[in-house]
A.B. asks: 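Okay, handing you the structure first.
Just so you know, residue 1 is the first one in the sequence shown, and it goes up from there. Both ligands and their constituent atoms are indexed starting at 1 by order of listing. Worth knowing before you read on, the calculation uses all heavy atoms, side chains too, and leaves out hydrogens, waters and symmetry mates.
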Amino acid sequence: MNREAIVYYLPGCPYSTRLRVALTLRRVPFRSVRFRDDEEGLPGSARSTAATSCRPRCGSATRGCRTRPRRRSPRPWPRRLDRFRKSWWHGRVTEAWWKSAVVYQIYPRSFSDSDGDGIGDLRGIEERLDYLSALGVDVLWLSPVYPSPQDDAGYDISDYQDIDPVFGTLDDFDRLLAGVHARGMKLIMDLVVNHTSDEHPWFREHRDWYWWRPPRAGMAGGEPGAEPTNWRSFFSGPTWEYDPASGEYYLHLFSRKQPDLNWENPEVRAAVHAMMRWWLDRGVDGFRMDVINMISKDPALPDGPGGDGSAHYLCGPRIHEFLQEMHREVFAGRPRKLLTVGEMPGVTTDQARLFTDPARAEVDMVFQFEHVNVDHGPSKWDLKPLDLVALKAVMNRWQSGLADVGWNSLYWNNHDQPRVASRYGDGSPLSAKALGTVLHLHRGTPYVYQGEELGMTNAPFDSIADFRDIESLNHYAEAGPDALPALRARGRDNARTPMQWDASPHAGFTTGEPWIAVNPNHKEINAVEAVADPDSVFHHYRKLIDLRHTEPCVVHGDFTLLMPDDPQVYAFTRAHDGVELLVLANLSAEPARVDVDPAWLDAEVVLATLPDERSAVLRPWESRVYRR
Ligand code: ISL
């Protein structure tokens, strides 16, 4: 039989992989390969009309765009094929699929409430899947939905293998997962196994699964200063809670209702592995691992300088062993392609190279914190203005640190961070776009936190009665009313106000009374307005996500920071396989001159947020991407 293979342009994958796909599709030998960039010959389910199959030569900013001939002009798969690309393609290739993926974090309490109790839920998320699909994201990460006393908004889990009734049922979960997969997306769960809730049966039934210690020598349990170590908790106060019944203290790095599991005990590890396998067997696509670099502690639990015990619990002596064991016990040999990302406060680039080196089989990527620590002092409540030069230096160090081994995650926002549009921007849509441009053009996997794609801002919290988060409430209890300005700027509740769906009284989030007030600016900043406005932050994010899917240089390109000492301009290039991208953003409220090779300003404009995109002066918060 006379067969031939056709090689299609597959966004974000190298030629060798495209070849493999083509050969697999057509089951033909390598020598009879012909190249084409349309869809004829694809499996029937993957066909679409030719009318949609061509990407414009210039992106949104076509005004005055003098397109130059490109060295290589791959054409993306048509939009209607994107679903096919994600579901079929991601499931089969051996390459790290998540390198060209974008993850969207959902904070379920605040996303969408289907039953009017004022708290978001799984059915609410299901109702919004088409919105997420339209944005183009590949993976959804769900913050915890497990049964929990909600002392730390669900990060205190009392049963790892069920759903909290406030969020729904396991059946709801299965339906949501099926809906996610049907749209060609994946779903990862939050894995919180440094600690459980004190209401988890494990805490009652397995005392030796936790860290118990007697009072400090010579002191009576419960008296001030009798704690076994001087460590301070992340949520204020000591990390030890006294248990009068046993006369001992248990360790909790976070709230007293979050006792730390003792991973030295092999039974703990086996129980966690079994639970993780249970979720993977149910069909989830991986895990975001909460403070996973805290699971190995120095068993001596020594005092730390000034109450800072972090040297004894961050990246402790057995951390790599524990993660490699987890990989062997949970992930190895599974046919489906999964994603693991470890949240790692205090992690350095050298440590991250070890954690994310694929040869070591630990995690795919980590969340580091250095770039969200540049605007405060030793305490997060100790406010400092953003130093852009320092921010660029940190990001640059992570780009080069993981350039040849490992992989970066990229984020500005999550449920613990204030909104970036207010924090590093000025609250305007233009600044939200500029920050999005900068982040999404770095090398790594970008994470979008719900509402970031709308340019949602910090909330105008008036008094302490407006806050809900244990971290803020405990800090206020300790520091008093003087703490309010810092709580307003840095409080985690800024990220947790309800998703702004429309201009109606509760922003379309709930028909009931929301658990935390909606931001009054939902009348202007909301999804309905944003989707309808082609110039919105939403559509800018959609284009950025699309660019990652269609331009291999965004995924694989080498990163070079330009103008490192400029206090206003964030500029860098990416280079891959004969293609170069230049990213320019003015992250300030004043015009700024760019100091780059002038020939760049004649190159193809891929994205631009203001007209006249060939000027050497960037207007306040303007951003552009060029290609040559
Ligand atoms: O939020 C923080 C600073 O304000 C961090 O210190 C945060 O506590 C740290 O990044 C760990 O976060 C994770 O674990 C916590 C939980 O409260 C956070 O929501 C979660 O992201 C304990 O589970």
A.B. asks: What residue and atom, counting heavy atoms only, is the protein's closest point to atom 15 (C) of ligand 1, and at what distance?
C.D. replies: F254 CE2, 3.7 Å
A.B. asks: Considering heavy atoms of the protein only, find what lies nearest to atom 13 (C) of ligand 1 and give residue, atom and distance to 0.1 Å.
C.D. replies: D290 OD1, 2.8 Å
A.B. asks: Identify, by atom number and element, the atoms of ligand 1 in contact range of F369, meaning under 4.0 Å from any of its heavy atoms.
C.D. replies: 10 (O)
A.B. asks: Any non-hydrogen atom of M294 lying under 4.0 Å from ligand 1?
C.D. replies: no
A.B. asks: Measuring centre to centre across the rings, with the benzene-like ring taken for any Trp, is W515 within less than 6.0 Å of F509?
C.D. replies: no
A.B. asks: Would you indicate which of N414, V192, D416, N373 comes nearest to atom 7 (C) of ligand 1 when only heavy atoms are counted?
C.D. replies: D416
A.B. asks: For Y131 and E453, does a side-chain donor sit closer than 3.5 Å to a side-chain acceptor?
C.D. replies: yes
A.B. asks: Y447 and F367: aromatic ring centres closer than 6.0 Å?
C.D. replies: yes
A.B. asks: Mind checking whether Q417 contacts ligand 1 via backbone (N, CA, C, O), side chain (CB onward), both or neither, at a 4.0 Å heavy-atom cut-off?
C.D. replies: neither
A.B. asks: Return a yes/no value: protein heavy atom under 4.0 Å from atom 5 (C) of ligand 1?
C.D. replies: no
A.B. asks: Is F235 touching ligand 1 with its side chain, its backbone, both, or neither, if touching means heavy atoms under 4.0 Å apart?
C.D. replies: side chain
A.B. asks: Which ligand 1 atoms are under 4.0 Å away from a heavy-atom of H195?
C.D. replies: 22 (C), 23 (O)
A.B. asks: Can you sort out which atoms of ligand 1 are near F234, meaning under 4.0 Å from one of its heavy atoms?
C.D. replies: 6 (O)
A.B. asks: Answer yes if the ring centres of F467 and Y476 are under 6.0 angstrom apart, and no otherwise.
C.D. replies: no
A.B. asks: Taking the six-membered ring of W209 as reference, does the cationic atom of R207 (NZ for Lys, CZ for Arg) lie under 6.0 Å from its centre and within 45° of its axis?
C.D. replies: no
A.B. asks: Considering only protein heavy atoms, which is closest to atom 2 (C) of ligand 1, and at what distance to one decimal place?
C.D. replies: E471 OE2, 3.9 Å
A.B. asks: May I ask you to identify the nearest protein heavy atom to atom 17 (O) of ligand 1, giving residue, atom name and distance to one decimal place in Å?
C.D. replies: D152 OD2, 2.5 Å
A.B. asks: Could you list which atoms of ligand 1 come closer than 4.0 Å to a heavy atom of H415?
C.D. replies: 18 (C), 19 (O), 20 (C), 21 (O)
A.B. asks: What protein heavy atom lies closest to atom 10 (O) of ligand 1? Include the residue and the distance to one decimal.
C.D. replies: E343 OE2, 3.0 Å
A.B. asks: For atom 11 (C) of ligand 1, what is the nearest protein heavy atom, given as residue, atom name and distance?
C.D. replies: V291 CG1, 3.3 Å
